[in-house]
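Residue numbers start from 1 in every chain, and the chains themselves are labelled A, B, ... in the order their sequence lines are given, proteins ahead of strands.
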Amino acid sequence: MIEKTINYFDISQIINSGQCFRMGKKENNTYFVIAGDKYLEISQVGKQCSFYCTEQEFKNFWEHYFDLDTEYEGYRKCINPRDAYLMNAAEFGSGIRILNQDLWEMIVSFLISQQNNIVRIRKCIQNISETYGEKKQTEDGRVYYAFPEAEALAGLEEDELKKCNLGYRSKYVVRTARSVVNGEISLSQISEMPYKKAKEELLKLFGVGEKVADCICLFALHQTAAFPVDTHINQALKRHYPKGFPKRRYKGCEGIMQQYIFYYELLGKE
DNA sequence: TGCCAGGCTGATA
DNA sequence: TATCAGCCTGGC
């Protein structure tokens, strides 16, 4: 177990910020995370966090996954103090971090997310993981399933994933898996591209539009200039930024601000 | 029963 | 280039 004191980190806020669909609460202060083929439990009381893994695993994977190297206070300090709405939103979601998640997993997750709600998205991802992912077991015997590789999905019929409750999104996932497997699109190359170029590449995938591409850029590629606009953000922008969100002021960290707004819109109101 | 939810595609004008 | 059905499905 690794114990850390971490500023501006709140695992429950991260779970509810909607960037990860394989995290959840176990009991009181304990949470679980499945990322790719890894499983982790965390407990948190205030700034005190316990990561139930080895030092090596923490250093090699989870520290980067949770973006613990980044000082988030700096992002909040650059907020215009006259922008009361964003100041409040950032205060409310001050424990949010932008995770460094697996690119393939995020592509599929956000393909599934369209015209869908979080409970169903989680269920869909659980279904495809249990059906097509590798079965794993923790040291204490807990069974979980790794996220399925593109190869495991590319050979399916387009409607096959409807059995996993994906509905019309089934063909998006299968065709995208084929594009990855047959080399039409290179995930490793996308990982190295700047934001605009990476987004352009992602938009070539069947079922990936503006919003989904931006979510993938932000939550998998850590392109914090990406600013996904979904219905919630759209409503918030209309209400609070009728002249447009001041992206120039937040150049390079628009995505962080988007997360504060999204979380505030979702849970900050009574 | 009908509507909606963290959009996108493809047809049509 | 813009607009708009239609798409799955479960919960309310």
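- C:dT9 and B:dG10 have their C1' atoms separated by 22 Å, given to the nearest Å.
- Only A:F110, A:S113, A:Q114, A:Q115, A:N116, listed by number, bring a heavy atom of residues 107-117 of chain A to less than 4.0 angstrom from any atom of DNA chain B.
- The gap from the P atom of C:dG6 to that of B:dG2 amounts to 15 Å, rounded to the nearest Å.
- Scanning for side chain to side chain donor-acceptor pair (under 3.5 Å) contacts around A:S50 gives an empty result, with sequence neighbours left out.
- Listed by first then second residue, pairs satisfying salt bridge (Lys or Arg N to Asp or Glu O under 4.0 Å) with a partner in residues 46-55 of chain A number zero, not counting sequence neighbours.
- Shown here are the side chain to side chain donor-acceptor pair (under 3.5 Å) partners of A:E201, two or more places apart in sequence or in another chain: A:K204.
- Taking the six-membered ring for Trp, A:Y72 and A:F9 have ring centres at least 6.0 Å apart.
- For the 3.5 Å distance criterion, the side chains of A:E134 and A:Y132 fail to qualify, holding no donor opposite an acceptor.
- Side-chain atoms of A:S17 and A:Q19 form a donor-acceptor pair, as typed in the model, at a separation below 3.5 Å.
- Within residues 118-128 of chain A, the residues approaching DNA chain B are A:I118, by heavy-atom distance under 4.0 Å.
- Between A:H240 and A:Y85, the ring planes are parallel. Angles under 30° get that label, and only those over 60° would be called perpendicular.
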TODO: Would you please test A:I233 and A:I261 for side-chain contact (heavy atoms from CB on, under 4.5 Å) and show each step?
DONE: CA-CA 7 Å; A:I233 293 292; A:I261 294 171; 3.8 Å; yes

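- The gap from the P atom of C:dC7 to that of B:dC3 amounts to 15 Å, rounded to the nearest Å.
- Put simply, chain A comes within 4.0 Å of DNA chain B, heavy atom to any atom, from B:dA5 to B:dG10, going 5' to 3'.
- Going from the P atom of B:dC4 to that of C:dA5 covers 13 Å, rounded to whole Å.
- Residues A:F32 and A:F51 do not share a hydrophobic cluster, clusters being chains of Ile/Leu/Val/Met/Phe/Trp/Tyr side chains in contact below 4.5 Å.
- Listed by residue number, A:Y168, A:Y172 are the residues of residues 163-186 of chain A with a heavy-atom contact under 4.0 Å to DNA chain B.
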Can A:C217 and A:L202 be said to form a side-chain contact (heavy atoms from CB on, under 4.5 Å), step by step? CA-CA 9 Å; A:C217 284; A:L202 290 166; 3.9 Å; yes

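- If you check the side chains of A:D67 and A:H222, you find a donor sitting under 3.5 Å from an acceptor.
- When only modelled atom types and interatomic distance are considered, A:N116 and A:R120 share a side-chain donor-acceptor pair under 3.5 Å.
- By the 4.0 Å N-to-carboxylate-O rule, A:R248 lies too far from A:E254 to be salt-bridged with it.
- No donor-acceptor distance shorter than 3.5 angstrom exists from the side chain of A:Y250 to the backbone of A:Y75, with no hydrogens or angles considered.
- Distance noted for atom C1' between B:dT1 and C:dG11: 13 Å (whole Å).
- Taking a heavy-atom distance under 4.0 Å as the criterion, the stretch of DNA chain C touched by chain A extends 5' to 3' from C:dC7 to C:dG10.
- Using bins of under 30°, 30° to 60° and over 60° for the plane-to-plane angle, the ring pair A:W104/A:F147 lands in the perpendicular bin.
- Non-hydrogen atoms lying under 4.0 Å from DNA chain B are contributed by A:F206, A:G207, A:V208, A:G209, A:E210, A:K211, A:V212, A:C215, all within residues 206-219 of chain A.
- Applying the salt bridge (charged side-chain N to carboxylate O under 4.0 Å, His left out) rule to A:E200 yields the partners A:K197; only residues at least two apart in sequence or on another chain are considered.
- Among residue pairs with one or both ends in residues 166-177 of chain A, those qualifying as side-chain hydrogen bond (donor to acceptor under 3.5 Å, both in side chains) are A:E158-A:R175; sequence neighbours excluded.
- A donor atom on one side chain and an acceptor atom on the other are not found under 3.5 Å apart for A:E105 and A:Q101.
- Ring centroids of A:F92 and A:Y260 are separated by 6.0 Å or more, keeping the two rings apart.
- Contact annotation: the side chain of A:Y31 never approaches that of A:E41 to less than 4.5 Å [non-hydrogen atoms, C-beta and beyond].
- Taking atom P on both nucleotides, C:dG10 is separated from B:dC8 by 23 Å, rounded to a whole Å.
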Each base of DNA chain C marked ( ) or [ ] if paired in-strand (Watson-Crick or G-U under 3.5 Å), | if paired to another strand and . if unpaired gives |||||||.||||

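- Taking the six-membered ring where tryptophan is involved, the planes of A:Y65 and A:F61 are essentially parallel, since the angle between them stays under 30° and well short of 60°.
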